[in-house]
Amino acid sequence: MTKAILLDIEGTTSSISFVADELFPYARAHLPAFVAAHPGEAALILAEVGGEDPVATLLQWIDEDRKATPLKTLQGLIWAEGYADGTLKGHVYPDTPAAIRRWVERGLSVNIYSSGSIAAQKLIFGHSIAGDLTPMLGGYFDTTIGPKREAESYRRIAEALALPAAEILFITDIDAEAGAAREAGLQALVIDREGRSGDVHSLAEVLP
C-alpha cells in the first residue's frame with residue numbers, strides 16, 4: 001500500500017520551461033551582484049567552488065545546468081530575493097495542487113525530491129501561482145542526500161521517511177530516475193506531459 005508520494009519538480013509538478021527560461025536566467029543575471037552584496041553568505045559557497053574565478057565558474061555551471069550543490073545553494077538565495085519582491089512566481093501545473101490536496105486528504109505524506117536546493121523547492125511551492133502549497137508538503141530532499149540517478153539516494157530517502165521503500169511512490173519525468181528508485185525498492189511512475197510515452201500524462205491519473 002502506498003503511504004507516501006515523492007515528487008520530482010521539473011517536468012512533473014512544474015514546467016521545465018519555467019526553470020530553464022525564468023529561474024536560470026534570473027540567477028545568472030543577478031549572481032555577480034548578489035555575491036558582491038552578500039560577501040558573508042557567498043564566501044563559503046565560493047570556497048567550495050574554488051579556482052581563480054569562482055563566479056565565472058558558477059556562471060558556466062548555470063549554462064551547463066550543472067547539478068552542483070554549491071550552485072544550487074547560491075541560486076536558492078538569489079531566487080529568494082526574486083520571490084520576496086514578487087518578481088518570481090513558482091509555476092505549477094493546474095493538476096499539481098489538486099493532486100497534492102487529494103493525496104493529503106487520503107492521509108498520504110507528500111514529499112519533494114529535486115536537484116534544486118531544498119530552499120529553492122520551498123520557494124517554488126511557497127510562492128506558487130496557485131498560492132502557498134507548503135502546508136501540504138512534508139519532506140524535502142535535494143542532491144545533499146545523493147544523485148537522483150543512484151539507487152542509494154532513494155534508500156536514504158526511505159530511511160528518512162521511516163517507511164519501507166515499497167510504500168513510497170516516486171513520480172518523475174526521467175526514466176533513469178524512475179529506474180534508480182525501482183532498484184531501491186520504491187514504486188515509480190514516469191510522467192510524460194506531452195502524451196508521447198510514460199506511464200501517466202497527468203498527476204490527475206495517479207491515485208485518482
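Considering only residues two or more places apart in sequence or on other chains, Phe34 meets the ring pair (Phe, Tyr, Trp, His ring centres under 6.0 Å) condition with His38. Annotation: ring pair (Phe, Tyr, Trp, His ring centres under 6.0 Å) contacts of Tyr93 (sequence neighbours excluded): His91. When the side-chain contact (heavy atoms from CB on, under 4.5 Å) test is applied to Glu159, no partner is found at least two apart in sequence or on another chain. For Pro94, the side-chain contact (heavy atoms from CB on, under 4.5 Å) criterion is met by no residue, not counting sequence neighbours. For His201, there are no ring pair (Phe, Tyr, Trp, His ring centres under 6.0 Å) partners two or more places apart in sequence or in a different chain. Taking Val35 as the reference, Leu31, Ala42, Leu46, Val55, Leu74 meet the side-chain contact (heavy atoms from CB on, under 4.5 Å) condition, with sequence neighbours excluded. For Glu183, there are no salt bridge (Lys or Arg N to Asp or Glu O under 4.0 Å) partners at least two apart in sequence or on another chain.
In this structure, the side chain of Trp79 engages the main chain of Leu23 through a donor-acceptor pair within 3.5 Å. Side-chain N or O atoms of Thr143 include none that pairs as donor or acceptor with a backbone N or O of Gly146 at under 3.5 Å. A donor-acceptor pair under 3.5 Å is formed between the side chain of Thr57 and the backbone N or O of Asp53. Thr96 places a side-chain N or O within 3.5 Å of a backbone atom of Thr13 that can act as its donor or acceptor partner. A donor-acceptor distance shorter than 3.5 angstrom exists from the side chain of Gln121 to the backbone of Gly116, with no hydrogens or angles considered. In terms of modelled atom types and a separation under 3.5 Å, the side chain of Arg149 and the main chain of Glu177 share no donor-acceptor contact.
Ser117 and Asp142 make their closest contact through CA-OD2, 3.5 Å (heavy atoms, listed as atom of the first residue, atom of the second, distance). Considering every non-hydrogen atom in both Lys72 and Phe24, the closest pair reads NZ-CZ, 4.0 Å. The minimum heavy-atom distance between Arg155 and Ala184, with the atom names listed, is CG-CB, 3.7 Å. The minimum heavy-atom distance linking Asp199 with Ala188 is given by the pair OD2-O, 4.3 Å. For the residue pair Pro97 and Val92, the shortest heavy atom distance occurs at CG-CG2, 4.1 Å. In plain terms, the two heavy atoms of Ala204 and Pro208 that are nearest each other are O-CB, 3.5 Å.
The CD1 atom of Ile78 lies 8.5 Å from the NE2 atom of His30; values are rounded to the nearest 0.5 Å.
Considering Asp8, Asp175, Asp173, Thr12 in turn, Asp175 is the only one that fulfils the side chain to side chain contact (heavy atoms under 4.5 Å, CB included) rule with Val190. Remark: of the listed residues Ile171, Leu203, Ile112, Asn111, Ile171 is the sole one forming a side chain to side chain contact (heavy atoms under 4.5 Å, CB included) with Ile5.
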Using residues 162-170 as the side-chain source, report each donor-acceptor pair under 3.5 Å to any protein atom, sequence neighbours left out, with the distance given to one decimal.
none

Acceptor/donor pairs from residues 127-141 side chains to any protein atom, 3.5 angstrom cut, sequence neighbours excluded:
{"unit_1": "Ser128", "atom_1": "OG", "unit_2": "Ala130", "atom_2": "N", "d": "3.0"}
{"unit_1": "Ser128", "atom_1": "OG", "unit_2": "Gly131", "atom_2": "N", "d": "3.2"}
{"unit_1": "Ser128", "atom_1": "OG", "unit_2": "Gly131", "atom_2": "O", "d": "2.6"}
{"unit_1": "Asp132", "atom_1": "OD1", "unit_2": "Thr134", "atom_2": "N", "d": "3.0"}
{"unit_1": "Asp132", "atom_1": "OD1", "unit_2": "Thr134", "atom_2": "OG1", "d": "2.5"}
{"unit_1": "Asp132", "atom_1": "OD2", "unit_2": "Thr134", "atom_2": "OG1", "d": "3.4"}

**OP:** Check step by step if side-chain contact (heavy atoms from CB on, under 4.5 Å) holds for Ile191 and Thr172.
**Re:** CA-CA 6 Å; Ile191 187 169; Thr172 177; over 6 Å; no
**OP:** Let me see the working for Asp192 and Ser197 under side chain to side chain donor-acceptor pair (under 3.5 Å), right down to the final yes or no.
**Re:** CA-CA 6 Å; Asp192 179 2; Ser197 59; 3.3 Å; yes
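Through side-chain heavy atoms spaced under 4.5 Å, either directly or across other Ile, Leu, Val, Met, Phe, Trp or Tyr residues, Ile16 is tied to no other residue. Here Ile174 is tied to no hydrophobic group at all, with no ILVMFWY side chain closer than 4.5 Å.
Pairs of residues two or more places apart, or lying in two chains, that qualify as ring pair (Phe, Tyr, Trp, His ring centres under 6.0 Å) and include a residue from residues 94-126 are Tyr113-Tyr154.
Looking at Arg101 and Glu105, no side-chain N of the basic residue comes within less than 4.0 Å of a carboxylate O on the acidic one, giving no salt bridge. Using a cut-off of 4.0 Å between Lys/Arg side-chain N and Asp/Glu carboxylate O, Arg193 and Asp95 are scored as salt-bridged.
Checked by atom type, the side-chain pair Ser114/Glu10 shows no donor-acceptor distance below 3.5 Å.
Within a 6.0 Å radius of NZ in Lys3, other residues, nucleotides and ligands contribute 12 heavy atoms or fewer.
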